[in-house]
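Step one of this worksheet: look at the structure below.
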Amino acid sequence: MENGLLGRMGIPRLIISLFLAFLVAMAFSYGLPMGQIFSAMLTRFGMNALLVMAMIPTIQAGAGPNFGLPFGIICGLIGATLAIELDLRNFTALFFAIGVSIPLGAFAGWLYGLLLNRVKGQEMTVGTYMGFSIVSLMCIFWLMAPYSSPEMVWPYGGDGLRVTVVLDGRMEQLLDRLWSFTIGSVRIPTGLLLVTIFCCILLWLFLRTRTGLAMSIVGSNPRFAEASGLNVNKYRMIASIISCAMGAAGIVIYSQSYGFIQLYQAPLYMALYSVSAILIGGASLQRATITQALIGTFLFNALLVIALPVANVAMDSDISEIMRVIISNGIILYALTRREVGGDAR
Amino acid sequence: MTAKARLEMRNIGKEYYGNRVLKGVSFTLDEGKVLSLVGENGAGKSTLMNILFGMPVIHSTGGFDGGVYLDGTSVSIRSPEEAMKLGIGMVHQEFMLLPGFTITENIKLNRETTKGNLFSRLFGKPMKWLDMPSMQKDARDSMDAIGLGIDEMLPVRGLPVGHMQFVEIARELDKKNIRLLVLDEPTAVLTETDADKLLEAMRVLTDKGISILFISHRLDEVMKASDKIVILRDGEQIAETTPDETTIERIAELMVGRKIESGQMHGRAVSSIKDEFLLQIKELHVEMPGEAVKGVTLDIKKGEILGIGGLAGQGKIGIANGIMGLFPSRGEVLKNGLPLRLNDARFALDNSMAFVSEDRRGTGLLLDDSIEFNIVATATQIQGKFMTRGKLRILHSKAVSDYAARMIKELDIRCTGPSQLTRRLSGGNQQKVCIARAITLAPNLLFVSEPTRGIDIGAKKLILDHLVKLNREQGLTIIMTSSELAELRSICDRIAIVYQGKLEGILLPTDSDRDFGLMMAGEYHKLHEKEAV
C-alpha cells in the first residue's frame with residue numbers, strides 16, 4: 001500500500017476521481033454547458049472549503065472529525081441574521097456577521113469541548129447527537145427570538161424567522177463577485193477563492209505554532225503528550241473551540257455565496273457532508289492535512305455539481321440528492337470501518 | 001529408585017523467529033514427586049510450560065524440537081484441551097475464576113454433575129439439571145483434601161487471594177484423571193502462612209500420586225518443597241540438583257551466571273565518582289499497576305550510571321515512571337538539594353530530566369508521525385526549540401530536518417529518511433529515535449527503562465555504547481532500569497536491586513553472581529540480617 005498510484009491516492013479517492021472523470025466525459029458528450037458547470041464547481045469548492053477545514057483541528061487533536069459542527073454553524077447563522085436585523089449591507093454586513101459569529105462559535109466550541117473531554121473514545125457518536133439536539137433546540141429559538149426585520153420574519157403574524165432568508169442586495173455573492181473574471185465561459189469567483197487561500201494560510205501557520213504542534217501530539221498519542229508535560233484536555237478544548245469558530249465563519253461565507261441563509265433543520269446534516277468531504281480527500285479519523293481537506297472538498301462538490309445535469313439528461317430524473325446521500329454516508333461508513341485500534345479510549 | 005517417570009521432557013528446543021529461547025532441556029519428573037523450575041525472567045520457563053500445554057503460540061511459530069513423554073508414552077500435545085484430557089492441570093499466576101459464581105460452581109465449571117428431567121429426555125443433554133448436592137459434595141472433598149475449611153457455597157468474589165489460590169488448586173484436584181499439576185508461582189500473592197499451607201497441600205497431592213511441576217522465585221520454598229530442582233538460564237539447562245545437595249546461595253549463583261557475550265566491564269572504580277548527589281529519593285511510593293513502588297530510598301551520584309534491576313513485577317519500572325510524573329506517586333525527591341514536585345511531568349522535564357520509557361510504542365513514540373517530528377516534539381513544547389524567531393513563531397522545518405539528519409547519523413538509525421513514519425521502523429531503530437528525543441532535551445539526568453527489550457543484538461550494543469558515550473563525554477547522569485542483569489553489569493557503576501517495591505540493596509557490577517541472585521530473590525536480607533545489624 002505504500003507505493004504506486006493506488007497506494008498514494010487510496011482506493012476511495014481513486015474510485016471517486018475516476019467516476020468524476022467519467023461524468024465530465026459524459027457531460028461533454030451530451031453537450032452540456034461546461035462553462036457553467038466548471039464555474040459552479042469552483043464556487044461550491046469555495047463555499048465549502050472552510051467548513052471542511054473546520055474538521056482538521058479536532059481530527060488532529062484526537063477527537064475525530066467534528067460531528068458537532070452544527071453547533072458552530074448555528075452561531076454563524078445567528079451572526080448573519082443579526083447583521084440583517086441591524087439593516088447592514090455589503091461588506092459591513094459580512095464583516096459584522098463574521099465578527100459576531102467567531103466569538104459565539106468559540107463559546108459554543110468551549111461548551112462542546114467540555115462535553116468531548118468527558119466522552120473520550122466516543123466523540124463521533126456523541127457529537128452527532130449533540131448536533132442533532134442543538135439544531136432542534138434552535139428551531140425554538142428561530143421561532144421565539146425577537147427579530148423584527150421584515151425581510152426575515154414570516155410575512156403573516158410577524159413572529160419567528162422564515163425557513164430561508166434571502167440575502168439579495170445585502171451580501172449575496174459579495175465575495176464571489178469581488179474581482180471576479182471569466183476565462184472562456186468559466187467565471188472565477190476570485191474573492192471567494194482568495195478568502196479560502198487566506199484561511200488555509202492562517203490554519204497552516206496555526207498548525208505549526210507551538211500550540212498547533214501540541215494539539216497534533218495530543219491527538220497522535222495522548223500518553224506521549226502526557227509524558228511530554230502537555231495537558232491533553234486543554235489542547236482538545238482548543239481544537240474544539242477553533243473548529244466551531246471556523247464552522248461559524250464558514251457558514252457565513254457559505255450563505256453569502258449561496259444567496260440564502262437556511263435556518264431550522266438545514267444545519268442538521270452539514271457536519272456529515274464536511275466529514276465525508278475530508279475523508280474522501282484521504283484523511284483518516286486520526287490524521288488530516290489541509291491538502292486533504294482541499295482535495296476532498298473539490299472532489300465531493302465537483303461530483304455533486306456535475307452529477308445533477310448528467311443524470312437529468314441520462315435518465316430524466318433528479319438523482320443528485322440521492323447521490324449525495326449515498327456518497328457522503330458511504331464514505332463515512334468506509335472510514336469508520338478502517339478505524340485503527342490503539343487510540344486513546346480511556 | 002523404583003518410582004515411575006511421570007513426565008519426561010527430552011532435549012526440548014524452541015526457536016522464535018531465529019531467536020533460540022530453549023536449548024536442549026531434558027528432565028524427568030517421577031510419580032508423586034515435586035520438581036522445581038527456577039530461573040530469571042526470560043530463562044525459558046514459560047516457553048517450556050507453553051510447550052507442555054500445547055499453546056497455539058508454540059505451533060504457530062513452527063513447533064519445537066525434542067519429545068514429551070507422559071508415563072512412558074510419547075505424547076504430542078497440540079492444544080490446552082488435549083493437555084487437560086491427558087491429565088495435566090495448571091494453576092495460574094493470575095486467577096482464572098468467575099467472581100460471581102460460588103466456589104462449588106467454579107470448581108465444577110464445565111464438569112458439572114447433572115441429572116435428567118422431562119426436558120432433557122426430549123431435548124437432550126444441554127437441558128439437564130445440575131445435581132447441586134453431589135457437586136457440593138465433590139467440591140467439599142477436594143477442598144478438604146487440601147485443607148481449605150471455608151463454606152463451599154460462598155461466592156468467589158470477596159474471598160481473600162490466598163483462598164482463591166486454594167480454590168484453583170481444588171478445581172484441578174477435582175479433575176479425576178489429574179496426573180500432573182503445574183503450579184506457576186502460586187505463592188507470589190500469598191502471605192507467608194498461606195504459602196506454608198500451600199506447601200502442605202502440595203504434600204497431600206503428591207501423596208495421592210500426583211506429580212507437581214513447581215515454578216517459583218522464592219528460593220526458600222523451592223528448597224522446602226522440591227524433590228528435584230532444575231535451573232534454567234537463557235534457555236539452557238544449567239543444573240539439575242536436589243535440595244540436599246545444594247544451598248540457596250548456590251542456586252542464586254547458578255540462576256544469574258555470568259553471560260559470555262557481556263564482554264568487558266565498563267563500570268569504574270567506585271572511588272572515581274565523587275559523593276555528590278544529583279538526585280535523592282526518600283520513601284518514594286508509586287502506584288503503577290503491576291510495578292508498584294512501596295517506599296524506595298536511593299541516592300544518585302552526579303555523573304554515574306546507576307542501574308536498577310530486579311525481577312518483573314517487583315517495582316523497578318515504577319521508580320522512573322513515578323519521578324517523571326507518569327504515575328501517581330508520593331514521597332520526597334530532591335534534585336541538587338531542591339525538592340522536586342511529583343506528579344507533574346512538565347516540572348520534571350523543566351528540571352533537565354528526560355525519560356526513555358519502557359513502553360516504547362505506547363508512551364515513547366508518535367507512531368504516525370515522522371522520525372524528525374518524533375525527535376523534536378518534546379523539545380518544541382518544553383523548550384521552544386526548533387521554532388522560527390520573531391513574533392509569530394512557527395516550526396522551523398529546515399532546522400528540524402537538519403538536526404534529525406544529524407541524529408540519524410549519530411545514532412545510526414536505519415531508515416529511508418527523516419520523514420519516514422516511526423511505525424515502519426524496527427524495534428531497535430524506534431528505540432534509537434526515543435533516545436534521540438530524550439537527549440534533544442539536553443538533560444543532565446536521563447532515565448532509561450528497558451532500553452534493549454525486544455531488539456536485536458547489534459542495535460543493543462550500539463544503544464548501550466551510546467549511553468556510555470553520553471555519560472563519559474557529556475557527564476550525563478543515567479539511571480537505567482533493566483530486566484537484563486548482564487546488561488546492567490556491563491555498563492553501570494552501581495546496581496540497585498528492587499524487591500517487592502523496596503530497595504533490597506546496592507551492588508557493584510563486580511559483585512558475585514550469588515549476591516545478585518540472592519538479592520533478586522529477596523533472600524539477601526534474611527541471610528545478612530545478623531551481620532548487618
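Throughout, a chain's letter reflects where its sequence line sits, starting with A, and its residues are numbered from 1.
In this structure, A:Arg210 CZ and B:Phe386 CZ are separated by 13.0 Å, a value rounded to the nearest 0.5 Å. To the nearest 0.5 angstrom, A:Thr211 atom OG1 is 7.5 Å from B:Gln381 atom CD.
For B:Phe347, no part sits under 4.5 Å from any heavy atom of chain A, backbone or side chain. Contacts between B:Arg437 and chain A at a heavy-atom distance below 4.5 Å involve the side chain alone, from C-beta outward. Using a 4.5 Å cut-off between heavy atoms, A:Arg287 touches chain B through its side chain atoms alone. With a 4.5 Å cut-off on non-hydrogen atoms, A:Leu213 touches chain B through its backbone and its side chain both. For B:Leu366, the parts lying near chain A are the backbone and the side chain together; criterion is any non-hydrogen pair under 4.5 Å. Only the side chain of B:Met387 comes within contact range of chain A, judged by heavy atoms closer than 4.5 Å. For chain A, the nearby part of B:Leu349 is the side chain; its heavy atoms alone come within less than 4.5 Å.
Residue-environment remark: CD (B:Gln383) exceeds the threshold of 12 foreign heavy atoms within 6.0 Å. Summarising the local packing, OH of B:Tyr403 is surrounded by more than 12 heavy atoms from other residues, nucleotides or ligands at distances under 6.0 Å. Open room surrounds CZ on B:Arg330; 12 or fewer heavy atoms of other groups in view lie less than 6.0 Å from it. More than 12 heavy atoms of other residues, nucleotides or ligands lie within 6.0 Å of NZ in B:Lys385, so this atom counts as buried by the packing criterion.
Side-chain polar atoms of B:Asp369 and A:Ser220 form a donor-acceptor pair below 3.5 angstrom.
Across A:Gly212, A:Ala214, A:Ser216, the residue that shares the most heavy-atom pairs under 4.5 angstrom with chain B is A:Ala214. Taking chain A as the reference chain and counting heavy-atom pairs below 4.5 Å, the highest number among B:Asp359, B:Thr388, B:Leu367 is found for B:Asp359. When the candidates B:Thr378, B:Ile382, B:Thr363, B:Asp350 are compared by the number of heavy-atom contacts under 4.5 Å with chain A, B:Thr363 comes out ahead. Between chain A and the residues B:Ala348, B:Gly362, B:Gly384, the largest count of heavy-atom pairs under 4.5 Å involves B:Gly362.
When all heavy atoms of B:Asn374 and A:Phe224 are compared, the pair lying nearest together is OD1-CE1, 4.3 Å.
When each of B:Leu392, B:Thr380, B:Ile394 is paired with A:Arg208, the side chain to side chain contact (heavy atoms under 4.5 Å, CB included) condition holds for B:Ile394 and for no other.
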